[in-house]
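Whatever order the structure lists them in is the order used to number ligands and atoms, beginning at 1.
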Amino acid sequence: MSENKIPYKTYLDENEIPTKWYNMRADMKNKPAPLLNPGTLEPMTAEELAPVFCEELIAQELNNTDAYIDIPEEILDFYKMYRPSPLVRAYFLEKALDTPAKIYYKFEGNNTSGSHKLNSAIAQAYYAKKQGLKGVTTETGAGQWGTALSMACSYFGLDCKVYMVKVSYEQKPFRREVMRVYGADVTPSPSTTTEIGKRILEAHPGTTGSLGCAISEAVEVATHSEGYRYVLGSVLNQVLLHQSVIGLEAKAAFDKLGVKPDVIIGCAGGGSNLGGLIAPFMGEKLRGEADYRIIAVEPASCPSFTRGKFAYDFCDTGMVCPLAKMYTLGSGFIPSANHAGGLRYHGMSSTLSQLYHDGLMEAVSVEQTSVFAAAEQFARVEGILPAPESSHAIRAAIDEALKCKETGEEKTILFGLTGTGYFDMVAYQKYNDGEMSDYIPTDEDLEKGFAGLPKIDL
Ligand SMILES: *Cc1c(COP(=O)(O)O)cnc(C)c1O
């Protein structure tokens with residue numbers, strides 16, 4: 001292992017944590033399409049967004065020009081509790097695969113929330129506090145975002161109301177309790193606490209909920225409660241901006257080692273960890289300074305990039321949010337009930353959607369049994385029990401490494417290991433009992449989702 005002197009783990013020093021986030025949009029020739037007001041179909045202005053989002057976060061959302069944005073001192077202090085995160089050389093996985101490829105992963109599971117989501121949660125809570133708000137509302141699917149936001153809100157003394165997709169609320173009682181430990185108020189969605197929730201329950205009695213529906217509820221509560229705003233843990237430009245800390249640290253660690261990755265792989269739900277991981281590398285690519293292969297990995301059961309349409313769509317089921325242009329399956333799309341692996345949002349970050357549309361990155365979809373097989377193979381040799389979401393990236397990284405074995409190429413592969421899977425043991429149990437199946441929506445299934453796309457002519 002000492003041959004090439006690359007350590008198993010590379011940590012930056014605390015004072016090497018980036019002090020600025022990097023905004024890819026500044027270097028994009030084709031900017032992501034603006035959010036539109038669903039009523040007027042005109043780009044949303046800061047004033048129109050103000051009742052929903054925090055002021056400073058709106059400024060970040062609309063900022064397509066500043067490449068670097070200072071990370072406030074208070075956020076940097078919090079980052080120091082769990083950052084820098086390690087860049088790990090997966091020697092044991094390489095050996096198990098008998099591949100000439102060199103595999104690295106950036107591990108974001110080293111905090112209580114168990115994922116990268118804390119990087120943005122703490123930033124959003126900070127700006128809410130700075131604005132003098134009482135609290136924030138949000139949705140959570142698998143629960144990682146709600147947990148991260150609960151931690152961030154308790155740190156700044158903000159009230160936190162979480163709408164949790166009902167199926168997760170029931171399947172993951174311990175996730176819910178972690179949020180309550182940090183003082184959050186957790187409601188299963190759809191609920192009868194909102195107008196939109198009542199409407200959805202009427203139309204679909206017995207529904208187990210969806211992210212799009214929980215978003216609608218959280219937005220309704222934020223806009224109807226004084227001193228509250230809505231915050232979102234993925235998809236938005238501001239979230240990708242905060243998550244750039246992942247990629248900036250990874251790039252700095254690689255630079256220290258004198259290594260350059262050839263292939264960069266991340267799982268894609270709404271696109272925030274991937275957008276953050278690739279940020280500085282994509283920046284070099286956009287500026288023509290270097291080239292990287294960048295691969296988004298999504299579930300075959302929720303294939304926004306690989307089978308979705310690039311179109312303006314609603315971000316939520318209740319159609320209360322602005323329209324975003326993105327790769328989407330339609331806001332009414334709900335993945336099959338047997339889908340256990342997370343990443344179930346119908347749309348995708350508009351920034352990543354534009355980059356994908358412009359051929360600057362690729363996407364693949366993988367089936368969930370193969371994802372869990374990769375997760376267990378990884379856990380057994382590298383020790384970390386990965387989140388199902390992260391395991392999509394593991395699957396693709398293993399597949400790339402196995403291709404290298406065939407061709408003899410010594411590629412350097414970087415993937416994002418976004419979090420740990422301790423709260424996903426029901427899904428692991430299904431896999432271990434041989435009860436997990438793969439479901440790939442038919443074209444007909446997808447057509448139903450596409451039929452709900454807003455009929456607008458731009
Ligand atoms: C939320 C989450 C994801 C997916 O969200 P993105 O915004 O696409 O990054 C991936 N991994 C983990 C562990 C998560 O919690």
Side-chain angles (χ1 to χ4, degrees), residues 85 105-121 124 138-151 162 164-165 168 172 175 178-179 211 214-215 231-247 264-279 294-299 302-305 315 324 326-327 335 339-353 355-356 361 363 365-366 371 375 378 384-396 415-424 427:
S85 74
Y105 58 90
K106 178 77 169 157
F107 181 46
E108 291 292 319
N110 259 346
N111 66 76
T112 297
S113 76
S115 80
H116 65 285
K117 295 215 170 61
L118 196 53
N119 300 330
S120 183
Q124 299 195 39
T138 198
E139 78 297 328
T140 198
Q144 289 99 324
W145 167 246
T147 312
L149 188 68
S150 306
M151 291 175 70
V162 180
M164 185 171 188
V165 178
S168 300
K172 298 185 169 187
R175 254 294 163 213
V178 179
M179 289 184 243
L211 265 182
I215 293 174
V231 295
L232 180 59
S234 182
V235 185
L236 296 177
N237 294 327
Q238 54 187 276
V239 186
L240 270 72
L241 175 72
H242 306 147
Q243 295 297 356
S244 68
V245 68
I246 304 172
I264 304 171
I265 298 171
C267 64
S272 75
N273 87 83
L274 178 65
L277 177 70
I278 68 174
I294 292 171
I295 308 175
V297 192
E298 61 185 14
C302 191
S304 324
F305 268 137
C315 296
M326 56 188 175
Y327 279 85
H339 173 71
L343 310 178
R344 49 172 62 238
Y345 186 60
H346 67 273
M348 185 56 66
S349 141
S350 62
T351 300
L352 293 189
S353 292
L355 292 168
Y356 178 67
M361 54 185 276
S365 74
V366 290
V371 167
F378 178 85
I384 295 169
L385 175 69
E389 293 90 344
S390 323
S391 305
H392 289 71
I394 299 176
R395 173 75 270 159
F415 73 88
L417 186 64
T418 51
T420 48
Y422 305 119
F423 292 103
D424 299 286

Option whose closest heavy atom lies nearest to atom 13 (C) of ligand 1, chosen from Thr420, Thr418, Leu240, Leu274
Thr418
What do you reckon, does Gly270 have a nitrogen or oxygen under 3.5 Å from a nitrogen or oxygen of ligand 1?
yes
With no hydrogens and no angle check, do the side chains of Thr351 and Asn237 hold a donor and an acceptor under 3.5 Å apart?
yes
Check: of Asn273, Thr140, Leu343, Val297, min heavy-atom distance to atom 9 (O) of ligand 1 comes from Asn273
Where on Ala142 is there a heavy atom closer than 4.0 Å to ligand 1, on the side chain, on the backbone, on both, or on neither?
neither
What protein heavy atom sits nearest atom 7 (O) of ligand 1, and how far away is it?
Ser234 OG, 2.4 Å
Over all heavy atoms of both residues, which pair between Ile265 and Val297 is shortest? Give the atoms and the distance, please.
CG2-CG2, 3.6 Å
For Glu139 and Val165, indicate whether the former's side chain and the latter's backbone hold a donor-acceptor pair under 3.5 Å.
no
Contact atoms of ligand 1, heavy-atom distance to Gly269 under 4.0 Å
8 (O)
Between Thr418 (side chain only) and Ser115 (backbone N and O only), is there a donor and an acceptor less than 3.5 Å apart?
no
Region of Lys117 engaging ligand 1 - heavy atom pairs below 4.0 Å:
side chain
Just which atoms of ligand 1 are under 4.0 Å from any heavy atom in Gln144?
13 (C), 15 (O)
Where the side chain of Gln144 meets the backbone of Lys117, is there a donor-acceptor pair that is under 3.5 Å apart?
no
Pairwise side-chain contact, Leu240 with Leu352, heavy-atom cut-off 4.5 Å (strictly under):
yes
Angle class for the Tyr356/Tyr327 ring planes (parallel below 30°, perpendicular above 60°, tilted otherwise)?
perpendicular
I'd like to know if His116 contacts ligand 1, where contact means a heavy-atom distance under 4.0 Å to any ligand atom.
yes
Only heavy atoms of Glu389, strictly under 4.0 Å: list the atoms of ligand 1 that pass.
10 (C), 11 (N), 12 (C)
Under 3.5 Å: donor-acceptor pair, side chain of Thr138, backbone of Val231
yes
The answer for which part of Ser115 has a heavy atom under 4.0 Å from ligand 1 is side chain
